[in-house]
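Data block below; observations after.
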2 protein chains.
Amino acid sequence: MVENMITGKDDIIRDEILQEAQKLFQQYGVKKTTMEDIAKAMGKGKSTLYYYYCSKEDIFDAVILKEMGEVFNSVKQAVEKATSAEDKLKAFSLTKIKLVQKRINLCKVVKGEMQDTMHCIKHLHAEYINQEVSLVKNILAFGVQNGEFHKSVGRELDMLPEVMVSSLRGLEQDLFVNARLAKLEPRLDTIMGILIRGLKNK
Amino acid sequence: MVENMITGKDDIIRDEILQEAQKLFQQYGVKKTTMEDIAKAMGKGKSTLYYYYCSKEDIFDAVILKEMGEVFNSVKQAVEKATSAEDKLKAFSLTKIKLVQKRINLCKVVKGEMQDTMHCIKHLHAEYINQEVSLVKNILAFGVQNGEFHKSVGRELDMLPEVMVSSLRGLEQDLFVNARLAKLEPRLDTIMGILIRGLKNK
DNA sequence: TTTGGACCGTAAAACGATTTTGGTCGAAAA
DNA sequence: TTTTCGACCAAAATCGTTTTACGGTCCAAA
């Protein structure tokens, strides 16, 4: 969606559909939530939903993209507030995990659940990774530019961001999937510390 | 199992059960393989299996532990052949991935599948991670000892090995779960290069 | 001690009937 | 013309019952 600001009345209704859908998906799960449920939650008829969205899956897709937008916007802000590339990387990782965890729908997508029921999961996954890689790439470029990272890092910006994202995902899996929430920050600190020393200019 | 060498006749039969079970699990999956199938594959009656093993799950457990033993024995040998800690880490990772991939049963366990059907999956998972962490810990200790890694690494040997294992798991997930087999070595080289530079003595 | 086929009990599968739900239609209301 | 809605359709899901499959046990034979 090109526009972020809600303008016309139809955008108001589109967003209200997403808000109600998000709540119901979060509370009952996607499967247990019917189009009738969503419509009734906003005091409208079921057909109204189909005037604004193509299908139930289309609504789900929009809900996840909205949650993703919220998360990555906040992550971007946290990254911008940090001054060193090192702190930016830490802000990126910590903020992302914390915000994703609060969004049960997005969290399920990130974990790889629901792949049988929602075809859009694949592209949502791809979009999520794309945003991650893009952010990490910017941070690494920033680190090279301000002399914090070795200039050889600049030559590896094709592969390095996604390798780092994959690597961090391993730690995140321990938290999301295996519910090991303890030691989140020390573990991230540990691997970040080594990665950053490995990237630094010396 | 304390003994590795097959000694008595009963060990011969126990191993034959595992070999046949392994083949059938690999070809048809655990669910589709019956105890009758395993018994018939070795020309014996079903009750015979229960003389040597407690249950179907007991057999499955033994098959996976056997495959795990094979993998980690070979990984240990590859690690021992390498002379520097750096090469040892690379050997550890590459050899492990290649060997696990060849064992469809173990591969499924590592991927986290079958958790509904086999209760022993949790402890098998724990055993697998334990072996990984143990190997990485030895390599890190070796690197500190020969001056290749900073001595501060020596103080972090409680958490660092498991954090590194989690981190590498992220790359492995891309390969195992998302079937991205291309770029395996360059991606490992990339993250290993940075990790090692971050660990090195300077 | 080892082996094996008959047997048991429970889970899974199959089946047909019924209900639910995603999505569409056409008319009414705004 | 745009937005809305309830009736309707077709297919999927659910339910209850029956049948089958299979893990595991038993007991006698080798």
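Below, read A as the first sequence line, B as the second, and so on, with proteins coming before strands; counting in each chain starts at 1.
- Judged by distance alone with a 3.5 Å cut-off, a donor-acceptor contact links the side chain of A:Lys46 to the base of C:dG22.
- Panel note: side chain B:Lys108, backbone B:Gly29; no donor-acceptor pair is recorded below 3.5 Å.
- One can place CG of A:Asp37 at 13 Å from P of C:dT20, the figure rounded to the nearest angstrom.
- Of the side-chain N and O atoms in A:Tyr53, none sit less than 4.0 angstrom from OP1 or OP2 of C:dG23.
- Contact between the side-chain N/O atoms of A:Tyr50 and the OP1/OP2 oxygens of D:dT4 is not found at any separation under 4.0 Å.
- Residues A:Glu80 and A:Lys76 are not paired through a salt bridge, judged by the lack of any N-O separation under 4.0 Å between the basic side chain and the carboxylate.
- Spacing between atom CG of A:Asp116 and atom P of D:dA12 amounts to 16 Å, rounded to whole angstrom units.
- In summary, A:Glu185 and A:Lys98 engage in a salt bridge, as defined by a charged side-chain N under 4.0 Å from a carboxylate O.
- As rounded to whole Å, 11 Å separates atom P of D:dA21 from atom NZ of B:Lys32.
- Using modelled atom types, one finds a donor on one side chain and an acceptor on the other under 3.5 Å when comparing A:Asp15 with A:Gln19.
- In this entry the distance linking CE of B:Met35 with P of C:dG9 reads 20 Å, nearest Å.
- For B:Lys44 against C:dG4, a side-chain-to-base donor-acceptor contact under 3.5 Å is absent.
- Taking only distance into account, the side chain of B:Lys56 never meets the base of D:dG24 through a donor-acceptor pair shorter than 3.5 Å.
- Note on B:Arg169 versus A:Asp174: no salt bridge recorded, every NZ/NE/NH1/NH2 to OD/OE distance being 4.0 Å or above.
- The nearest whole Å value for the distance from the CG atom in B:Asp58 to the P atom in D:dG23 is 14 Å.
- Rounded to a whole Å, the NE2 atom of A:His119 is 15 Å from the P atom of C:dG22.
- Following rounding to the nearest Å, B:Asp61 (CG) and D:dG23 (P) show an atom-to-atom distance of 17 Å.
- Side chains of B:Ile38 and B:Leu49 form a contact here, defined as non-hydrogen atoms less than 4.5 Å apart.
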Between protein and nucleotides 26-30 of chain D, what N or O pairs are separated by less than 3.5 Å?
from	atom 1	to	atom 2	distance (Å)
D:dC26	N4	B:Ser47	OG	3.1

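- A straight line from CZ of B:Phe60 to P of D:dC22 spans 18 Å, rounded to a whole angstrom.
- Comparing A:Gly45 and A:Lys31 against DNA chain D, the residue whose closest nucleotide sits nearer the 5' end is A:Gly45.
- B:Asp37 places a side-chain N or O within 3.5 Å of a backbone atom of B:Thr34 that can act as its donor or acceptor partner.
- Taking 4.0 angstrom as the limit, B:Thr48 places a side-chain polar atom (N or O) nearer than this to OP1 or OP2 of C:dG4.
- At the phosphate of D:dC22, neither OP1 nor OP2 sits under 4.0 Å from any side-chain N or O atom of B:Thr34.
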